[in-house]
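Report on one structure; see the data block that follows.
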Amino acid sequence: MAYRPVRLFLAVALAAGALVCAANAKTLRVAPHSDLKVVDPIWTTALISVNHGYMIYDTLFALDEKLIAQPQMVDRYTMSADKLTWTFTLRDGLGWHDGAPVTAEDCIASLKRWGARDSMGQKLLSYVSELTAPDAKTIRMAMKEPYGLVIQTLAKPGANVPFMMPQRVAETDPGKQITDMTGSGPFIFKQDEWRPGEKVVYVKNPKYKPRPEPASGLAGGKVVKVDRVEWTWIADAQTQVNALLNGEVDIIEQPPHDLLPLLAADKNIELFIWNPPGRQYAFRFNTLSKPFDNPKVRQAVAYALNQRDMLQSVIGDPEWFRECKSLFPCGSPLESTKGFDDKLDSNVAKARALLQEAGYDGTPIVLMQSTDIVALSNLAPVSKSLLEKAGFKVDVQAMDWQTLVTRRTKKDPPAAGGWHAFLTSWASVDVLDPVAASFLNASCEKATFGWPCDAELERLRDAFAKETDPSKQKAIAEAVQLREVEYPTHIQLGQYVQPIAFRKGVTGILASPSIAFWNVEVK
């Protein structure tokens, strides 16, 4: 009967060992900017879904901290002398979370699904005659004609990111959301612990093989230095800040700007601008529904709004924002105010005149308002005030951001659950040029939500994609901007920078276009 105490001793020892392991496990606790409800980063452009994608998926190329494209899943690549054939060889050691190896066929299926949704992807694939896999590690891309943005497109850092997925997942209809979260990235999504509205959990992928280079931006070696990352959704901004001050979370991804002085005053908290180019606000139109099917009515919005009121309502301190009438971010090579010098100044008289010319009949504008993201919540009420002064009728409909990102995909009439407009922001690196900027995609049914349809904009975007001379690209970009004045797809509403806040025991946060949690340590 002696075996019973031995068995009991072993059971207790194992249990104690498990508790010690659990106690030693390093957990990074994050208060994200939004709740995560949509986990398919190809189906939506929501930033929280992009962040989720970077946790569990990998990309063929990625931008480093200097915004230079670097190979990521790709080991080496070549372009033929006639610039018509690109060959990409995958690096050794790539595997899916379920243990299967990553293959070229997986990547080709992923590129096709992504290219059906993404603005840059659509443009790239329109120039591709054939995507083939000569062997399990080789992707061959044959072009109809030379295309100057191949690597730049494959390395795009923002929505929609060309994340690689297993072929069985990537063959999901692009119009439907995936249900299988198998990736090959540095973290594994714990779907059994995911509670929308509360918590998202990721654990370290023990089989992930990082690149040998040091981490830089979204490129280089994705070395995970924690065992577990927990995103805890805290809807109230003040409660988020209190949680950080009290040590209940380690990081706030997007602390509200009006509370930054409080955080800066605490010796245990650090602030870091991880994305120096910042973000650009945008007022997005649904061009399918009256009255925004009429370009003159959309032009009236450009005269009715002004950037300062918008920026002050959400950011407040001018230290963190910048008025910028350029369609492409100020500080970027394509910066220009051409066509917008007389707009975005709340010229009520001009806006009213345009509405009269357009025959606006007083149809209420259904303007969707995100209430749970501090950097967006005040934009809709301010827009309503400015638009109503110009003669619009505006129906602001409040909802959380995840409801908004689902509703904006609907083409139903606004009176039947659809929409006329909403406000959002893009990372500046996502809107640097006419091809990258998703809201400039005017390919009708293929365009992203809002569905603008304009052959001239598409002609100019094609011309930009083919051009390699920077001075000629600049001229084409200005032509795009002038066309945007005549056929508005959206209205740019200024720029801002967003610091991240974290406790001093956290180190290794990278400067990058999208937030990265590899390389981060917590003590």
Side-chain angles (χ1 to χ4, degrees), residues 34 36-63 72-73 94 96-97 102-126 128 131 139 141 152-189 191 194 196 200 202 218 401-402 404-411 424 426-427 429-431 435-439 441 443 445-451 513-515:
S34 172
L36 177 71
K37 290 182 180 175
V38 180
V39 290
D40 184 347
I42 305 303
W43 185 84
T44 184
T45 60
L47 178 60
I48 191 69
S49 301
V50 172
N51 292 350
H52 162 76
Y54 275 113
M55 296 293 284
I56 67 173
Y57 300 114
D58 219 337
T59 56
L60 297 178
F61 290 83
L63 295 186
Q72 190 59 34
M73 295 173 76
L94 299 179
W96 300 112
H97 295 157
V102 174
T103 69
E105 292 286 2
D106 294 317
C107 297
I108 288 172
S110 297
L111 289 173
K112 288 180 177 178
R113 183 170 189 265
W114 160 76
R117 301 282 298 189
D118 179 71
S119 176
M120 288 190 82
Q122 287 177 8
K123 192 61 68 179
L124 170 63
L125 292 190
S126 72
V128 173
L131 269 172
I139 304 164
M141 181 183 292
Q152 182 178 332
T153 301
L154 296 178
K156 74 184 300 275
N160 299 95
V161 179
F163 292 121
M164 296 297 105
M165 302 178 179
Q167 184 175 4
R168 67 175 187 277
V169 179
E171 288 179 344
T172 302
D173 182 336
K176 297 180 180 178
Q177 296 186 47
I178 62 173
T179 56
D180 183 338
M181 302 308 139
T182 304
S184 68
F187 293 94
I188 297 171
F189 177 51
Q191 195 161 358
W194 175 39
V200 188
Y202 305 90
L218 297 170
W401 178 244
Q402 292 300 305
L404 190 154
V405 300
T406 300
R407 183 170 169 180
R408 69 185 178 181
T409 65
K410 296 181 178 179
K411 296 181 180 179
T424 188
W426 288 94
V429 294
D430 293 336
V431 293
V435 178
S438 180
F439 280 174
N441 182 342
S443 60
E445 291 296 310
K446 292 183 179 180
T448 193
F449 33 81
W451 307 282
S514 293
I515 193 73

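Numbers here are sequence positions counted from 1.
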> Do S438 and N441 get their side chains close enough for a donor-acceptor pair, meaning under 3.5 Å?
Replying inline: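 No, no side-chain donor-acceptor contact under 3.5 Å.
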
>> Side chains of N160 and W43: any donor to acceptor distance under 3.5 Å?
In response: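 There is no such pair between these side chains.
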
Atom [atom1] of [X] and atom [atom2] of [Y]: how far apart are they, to the nearest 0.5 Å?
X	Y	atom1	atom2	result
L111	I139	CG	CD1	6.0 Å
D430	S514	CG	OG	6.5 Å
F61	M73	CZ	CE	11.5 Å
S110	I42	OG	CD1	8.0 Å
I48	I515	CD1	CD1	10.5 Å
C107	M165	SG	CE	12.0 Å

>> Check the orientation of Y202 and H52. Use parallel for under 30°, tilted for 30 to 60°, and perpendicular for over 60°.
In response: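 Rings of Y202 and H52: tilted, as their planes differ by 30° to 60°.
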
> Quick one: are the ring centres of W114 and F163 less than 6.0 Å apart?
Replying inline: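 Not under 6.0 Å, so no.
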
> Is the F189 to H97 ring centre distance short of 6.0 Å?
Replying inline: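 No, the ring centres sit 6.0 Å or more apart.
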
Do the side chains of [Y] and [X] get nearer than 4.5 Å, heavy atoms only?
X	Y	value
M164	V102	no
P162	L60	no
V161	T59	yes
R117	K446	no
Y57	F187	no

> Considering residues at least two apart in sequence or located in another chain, which fulfil the salt bridge (charged side-chain N to carboxylate O under 4.0 Å, His left out) criterion with D40?
Replying inline: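 Counting only residues at least two positions away or on another chain, D40 forms a salt bridge (charged side-chain N to carboxylate O under 4.0 Å, His left out) with R113.
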
Testing the basics here: between [X] and [Y], what is the closest heavy-atom pair and its distance to 0.1 Å?
X	Y	value
L36	V39	CD2-CG1, 3.8 Å
T409	W451	O-CZ2, 3.6 Å
A62	A155	N-CB, 4.0 Å
P513	A427	O-CB, 4.5 Å
A116	Q122	O-NE2, 3.4 Å

>> Could you go through V38 and T406, starting from their C-alpha distance and side-chain angles, then the distance that decides it, and tell me whether this counts as side chain to side chain contact (heavy atoms under 4.5 Å, CB included)?
In response: CA-CA 8 Å; V38 180; T406 300; 4.2 Å; yes

> Under 3.5 Å, is there a donor-acceptor pair between the side chain of T44 and the main chain of P41?
Replying inline: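 No, the answer is negative, given that no donor and acceptor are paired below the 3.5 Å cut-off.
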
Tell me which donor-acceptor pairs under 3.5 Å the side chains of residues 177-186 have, and how far apart each pair is, sequence neighbours excluded?
residue	atom	partner	partner atom	Å
D180	OD1	T182	N	3.0
D180	OD1	T182	OG1	2.6
D180	OD2	R168	NE	3.1
D180	OD2	R168	NH2	3.2
T182	OG1	R168	NH2	3.2

> Got a sec, which residues hit side-chain hydrogen bond (donor to acceptor under 3.5 Å, both in side chains) with T45, two or more places apart in sequence or on another chain?
Replying inline: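 Residues passing side-chain hydrogen bond (donor to acceptor under 3.5 Å, both in side chains) with T45: R408.
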
> Do you know which of D118, V435, L124 makes side chain to side chain contact (heavy atoms under 4.5 Å, CB included) with K156?
Replying inline: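 Exactly one candidate clears the test, D118.
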
>> Using the rule given for side chain to side chain contact (heavy atoms under 4.5 Å, CB included), can you reason through R407 versus Q402, listing the C-alpha separation, both sets of side-chain angles and the distance that settles it, and then say yes or no?
In response: CA-CA 9 Å; R407 183 170 169 180; Q402 292 300 305; over 6 Å; no

